[in-house]
Number of protein chains: 2
Amino acid sequence: MDDFELGPMVKDHRKKAGLTQLELANLAGVGKTTVFDIEKNKETVRWNNLLSVLRVLNIKVEFKSPLTK
Amino acid sequence: MDDFELGPMVKDHRKKAGLTQLELANLAGVGKTTVFDIEKNKETVRWNNLLSVLRVLNIKVEFKSPLTK
DNA sequence: ACTTTTTTACTGTTATAGCGGTAAAATGAA
DNA sequence: TTCATTTTACCGCTATAACAGTAAAAAAGT
């Protein structure tokens with residue numbers, strides 16, 4: 001388990017939003033390469049760029065830990 | 001709302017784990033500057049480095065959207 | 001009080017993410 | 001099939017994140 005992959009999720013959401021990689025990139029204010037990399041699960045992307053893309057797609061990020069719960 | 005800040009959460013978890021920034025950095029395999037930046041909410045850090053730090057602290061990341069739920 | 005530890009905040013250097021451009025491969029539509 | 005669109009995968013260039021030092025400021029102990 002826990003082989004969750006963010007890339008495919010981003011791709012799926014983008015598709016359902018009817019956006020191309022380039023359109024998403026422009027909306028998020030990042031380069032097309034960054035969107036491509038994110039969908040390819042390249043984790044060396046910058047956190048702020050990833051956040052920008054997720055924001056456009058209405059994907060929220062939550063952090064959880066035993067202490068938080 | 002939604003002014004959630006990851007930095008303080010990381011710092012809190014690190015403290016409760018009894019780690020210094022340097023120790024956490026070494027455990028996560030990143031430089032001390034990166035840990036410092038994360039705790040300062042600097043979002044230009046790389047996603048993989050952030051993940052490494054969160055992994056050490058047992059902080060899980062979840063992505064949610066109306067489509068996912 | 002003093003001392004030690006940790007954090008903050010700089011540095012200069014190096015590695016690489018990000019960028020737009022390009023072009024080939026893949027996908028999809030007519 | 002053909003044609004248009006999109007995605008993938010390169011390229012070279014530039015900007016900057018990451019790094020190890022260093023040192024001063026802050027915090028924690030004694």
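Below, chain A is the first sequence line, B the second, and so on; all start at residue 1. Just so it is clear, the model here is predicted, and its values are computed rather than measured.
In this structure, the nucleotide among D:dG21, D:dA9, D:dT7 sitting nearest to the side chain of B:K32 is D:dG21. Nearest nucleotide to the side chain of A:K11, out of D:dC19, C:dT7, D:dT7: D:dT7. For B:T34, the side-chain atoms get nearest to D:dC19 when compared with the rest of D:dC19, C:dT7, C:dG18. Listed nucleotides: C:dA9, D:dA18, D:dA17. Nearest to the side chain of B:N49: D:dA18. Picking from D:dC19, C:dT7, D:dT6 the nucleotide with the shortest atom distance to the side chain of B:T33 gives D:dC19. Comparing C:dT7, C:dA17, D:dT7 by their closest approach to the side chain of B:R46 singles out C:dA17. Distances were taken from every side-chain heavy atom of B:K40 (C-beta onward) to each of C:dA9, C:dC19, D:dT8; the shortest belongs to C:dA9.
A:E39 places its CD atom 14 Å from the C1' atom of C:dT27, with the value rounded to the nearest Å. Per the geometry, CG belonging to B:D12 stands 16 Å off C1' belonging to C:dT7, to the nearest Å. For A:L24 and D:dT7, the CG to C1' distance is 14 Å, given to the nearest whole Å. Atom CZ of B:R14 is separated from atom C1' of D:dA27 by 12 Å (rounded to the nearest Å). Between the C1' atom of C:dT6 and the CG atom of B:L19 lies a distance of 13 Å, rounded to the nearest Å. At whole-Å resolution of the value, CZ in A:F36 and P in C:dC19 are 14 Å apart. At whole-Å resolution of the value, CG in B:L22 and P in C:dA9 are 17 Å apart. Atom CD in A:E43 sits roughly 12 Å away from atom P in C:dA17 (whole-Å rounding).
Residue order along DNA chain D, read from the 5' end via each residue's closest nucleotide, puts A:E23 first among B:V30 and A:E23.
For the pair A:L6 and A:N41, the tightest heavy-atom approach, listed with the atom from each and the gap, is N-OD1, 3.6 Å. Here the shortest heavy-atom pairing between B:E39 and B:K11 reads OE2-CA, 3.5 Å.
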### Query
When you look at A:L51 and B:E43, which way does the side-chain contact (heavy atoms from CB on, under 4.5 Å) test go after all the steps?
CA-CA 9 Å; A:L51 278 178; B:E43 294 183 336; 3.5 Å; yes

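Taking the six-membered ring where the residue is Trp, A:W47 and B:W47 present parallel rings, their angle staying beneath 30° rather than reaching 60°.
Listed pair B:K15 / D:dA28 fails the phosphate criterion, with no side-chain N or O lying under 4.0 Å from OP1 or OP2.
One finds no salt bridge joining B:E23 and B:R14 here, because no Lys/Arg side-chain nitrogen approaches an Asp/Glu carboxylate oxygen to under 4.0 Å.
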